[in-house]
J.: 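Could you have a look at this structure, given as structure tokens, before my questions?
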Amino acid sequence: MAEAQKAIDKFFDSDAPRLVGELAVSHFKENFRKGGFVNNGLEKWKPTRRQGVAAGAAGKYGPLLSSRDNLYRSLVYRPSVRKVTISTPVSYAAVHNDGGTVHPTVTPKMRKFAWRKYYEAGGGNSGQEDPPQATPWKQLALTKKQKLSINIPQRKFIGASAELEKKINRLLQSHVDKILKR
């Protein structure tokens, strides 16, 4: 019995944190693919404005996803003795996970970009009214504000989850059962 206890302790000290970390990161990445947070069912995220735009490739990606998937790919785990930490080094992860307001500075580079997007959206044709998708770009380019206030709704992708706890318990129980059968 003492030998089994030693094996179980060794498992929980070294192997379990790594296995739980892999499982948790996989679970949280699944939240991105499903477009919501899984905790006692799927809590769908609010759709983004770019998803409603008919034109443009960016509209085909779900909330928090893009062609680069920086946030999705940034999820990491750090195992240590009897515990594991799941995190992301991306600076904007917290505002997406918790929701909040950001205040970016309006720079000359940003205004130049806004003018370019305005013309790409069909704005600036003489004698014609600007298309609705061009108007926000023109407003950004002409704004007198030095800082913007942008509200980011909560799109929780990492946190406590009943489904994840069940997966972790099943994983740990199956490994302990294997150790005890030896």
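Note: hydrogens, waters and symmetry copies are ignored here, and every other heavy atom, side chains too, is used. Everything quoted here is computed from the prediction, not taken from an experiment.
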J.: Could you go through L180 and K178, starting from their C-alpha distance and side-chain angles, then the distance that decides it, and tell me whether this counts as side-chain contact (heavy atoms from CB on, under 4.5 Å)?
T.: CA-CA 5 Å; L180 292 175; K178 285 179 190 175; over 6 Å; no

J.: Do L164 and N39 come close enough that some side-chain heavy atom pair is under 4.5 Å?
T.: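 L164 vs N39: side chains apart.
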
J.: I'd like to know if the side chain of R18 pairs up with that of Y77 as donor and acceptor (distance under 3.5 Å, no hydrogens or angles considered).
T.: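 Side-chain D/A pair, R18 to Y77: absent.
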
J.: Are the charged groups of E3 and K6 less than 4.0 angstrom apart, N to O?
T.: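 Salt bridge: no.
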
J.: If we only count heavy atoms from C-beta on, is the H27 to V38 side-chain gap below 4.5 Å?
T.: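 When only atoms from C-beta onward are counted, V38 and H27 do touch, with a gap below 4.5 Å.
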
J.: Rounded to the nearest 0.5 Å, how far apart are NZ of K156 and OG of S161?
T.: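 Between atom NZ of K156 and atom OG of S161 there are 9.5 Å.
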
J.: For I158, does its backbone N or O pair with a side-chain atom of N31 as donor and acceptor, under 3.5 Å?
T.: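 No; judged by distance alone, with no hydrogens or angles, the pair does not exist.
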
J.: Would you call D177 and R170 a salt bridge, using N to O less than 4.0 angstrom?
T.: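 So D177 does not pair with R170 through a salt bridge.
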
J.: I would like to know whether T48 and L64 meet side-chain contact (heavy atoms from CB on, under 4.5 Å); could you show each step before the answer?
T.: CA-CA 9 Å; T48 61; L64 302 187; over 6 Å; no

J.: Check V76 against V25 and note the closest heavy-atom contact, atom names and distance.
T.: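 In this case the closest contact between V76 and V25 is C-CG2, 4.0 Å.
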
J.: Any chance you could lay out the side-chain contact (heavy atoms from CB on, under 4.5 Å) test for K147 and T105, step after step, and finish with the verdict?
T.: CA-CA 4 Å; K147 292 225 180 251; T105 302; 2.9 Å; yes

J.: Counting distance only, does the side-chain N/O of S26 pair as donor-acceptor with the main-chain N or O of E22 below 3.5 Å?
T.: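 No; zero donor-acceptor contacts below 3.5 Å.
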
J.: Salt bridge between K167 and E163, side-chain N to carboxylate O under 4.0 Å?
T.: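 Judged by the 4.0 Å cut-off on N to carboxylate O distance, K167 and E163 do not form a salt bridge.
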
J.: Do I152 and L140 belong to the same hydrophobic cluster, where Ile, Leu, Val, Met, Phe, Trp and Tyr are linked whenever their side-chain heavy atoms lie under 4.5 Å apart, directly or via other members?
T.: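 Yes: a chain of side-chain contacts under 4.5 Å links I152 to L140.
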
J.: Measuring only between side-chain heavy atoms, which start at C-beta, is P89 closer than 4.5 Å to S74?
T.: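 Yes, their side chains come closer than 4.5 Å.
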
J.: Report yes if some heavy atom in the side chain of V102 is under 4.5 Å from a heavy atom in the side chain of Y92; otherwise report no.
T.: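 Of all side-chain heavy-atom pairs linking Y92 with V102, none is under 4.5 Å.
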
J.: So which heavy atom on D130 is nearest to which on G124, and how close?
T.: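 Closest pair (atom of D130, atom of G124, distance): OD1-N, 3.2 Å.
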
J.: Report yes if some heavy atom in the side chain of T135 is under 4.5 Å from a heavy atom in the side chain of Q133; otherwise report no.
T.: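 Result no, sub-4.5 Å side-chain heavy-atom pair not found.
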
J.: With rounding to the nearest 0.5 angstrom, report the CG to CG distance, D69 to L75.
T.: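 With rounding to 0.5 Å, CG (D69) is 10.5 Å from CG (L75).
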
J.: To the closest 0.5 Å, what do you measure between CG (L19) and CG (D15)?
T.: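 L19 CG to D15 CG: 6.0 Å, rounded to 0.5 Å.
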
J.: P17 versus K83: any side-chain heavy-atom pair under 4.5 Å?
T.: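 The answer is no; the side chains never approach within 4.5 Å.
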
J.: Are the side chain of R78 and the backbone N or O of V84 linked by a donor-acceptor pair below 3.5 Å?
T.: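 A pair under 3.5 Å: no.
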
J.: side-chain contact (heavy atoms from CB on, under 4.5 Å) between V81 and F12: does it pass, once the steps are laid out?
T.: CA-CA 8 Å; V81 177; F12 279 104; over 6 Å; no

J.: Rounded to the nearest 0.5 Å, how far apart are CG of N97 and CZ of R155?
T.: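 It comes to 12.0 Å.
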
J.: Verify the ring-centre separation between W137 and F113: is it less than 6.0 angstrom?
T.: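 Ring centroids of F113 and W137 are less than 6.0 Å from each other.
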
J.: Using every non-hydrogen atom in the two residues, find where G100 and N151 come nearest and quote the distance to one decimal.
T.: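 Shortest heavy-atom separation between G100 and N151 comes out as O-OD1, 3.3 Å.
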
J.: Does the gap between the ring centers of F157 and F28 come in under 6.0 Å?
T.: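 No, the ring centres sit 6.0 Å or more apart.
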
J.: Counting only heavy atoms not in R33 (residues, nucleotides, ligands), do more than 12 fall under 6.0 Å from its CZ?
T.: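 Enclosed.
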
J.: Can a salt bridge be assigned to the pair K117 and E120 using a cut-off of 4.0 Å between side-chain N and carboxylate O?
T.: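 Salt bridge between K117 and E120, a charged N being under 4.0 Å from a carboxylate O: yes.
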
J.: Taking the inter-plane angle between the rings of Y72 and F32 on a 0 to 90° scale, is it parallel (under 30°), tilted (30 to 60°) or perpendicular (over 60°)?
T.: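 Perpendicular.
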
J.: Give, for atom NZ of K34 and atom NZ of K44, the distance between the pair rounded to the nearest 0.5 Å.
T.: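 The NZ atom of K34 sits 10.0 Å away from the NZ atom of K44.
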
J.: Could you check whether any side-chain N or O of D13 sits under 3.5 Å from a backbone N or O of R82, counting only pairs where one atom can act as donor and the other as acceptor?
T.: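 Flag not set: sc D13 to bb R82 has no pair under 3.5 Å.
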
J.: Please round to the nearest 0.5 Å and tell me the distance separating atom NZ of K138 and atom OG1 of T143.
T.: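 Taking NZ in K138 and OG1 in T143, the distance rounds to 13.5 Å.
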
J.: Between W45 and F37, does a ring-ring contact (aromatic ring centres under 6.0 Å, His included) hold up when you go through it step by step?
T.: CA-CA 7 Å; W45 293 327; F37 186 70; 8.5 Å; no

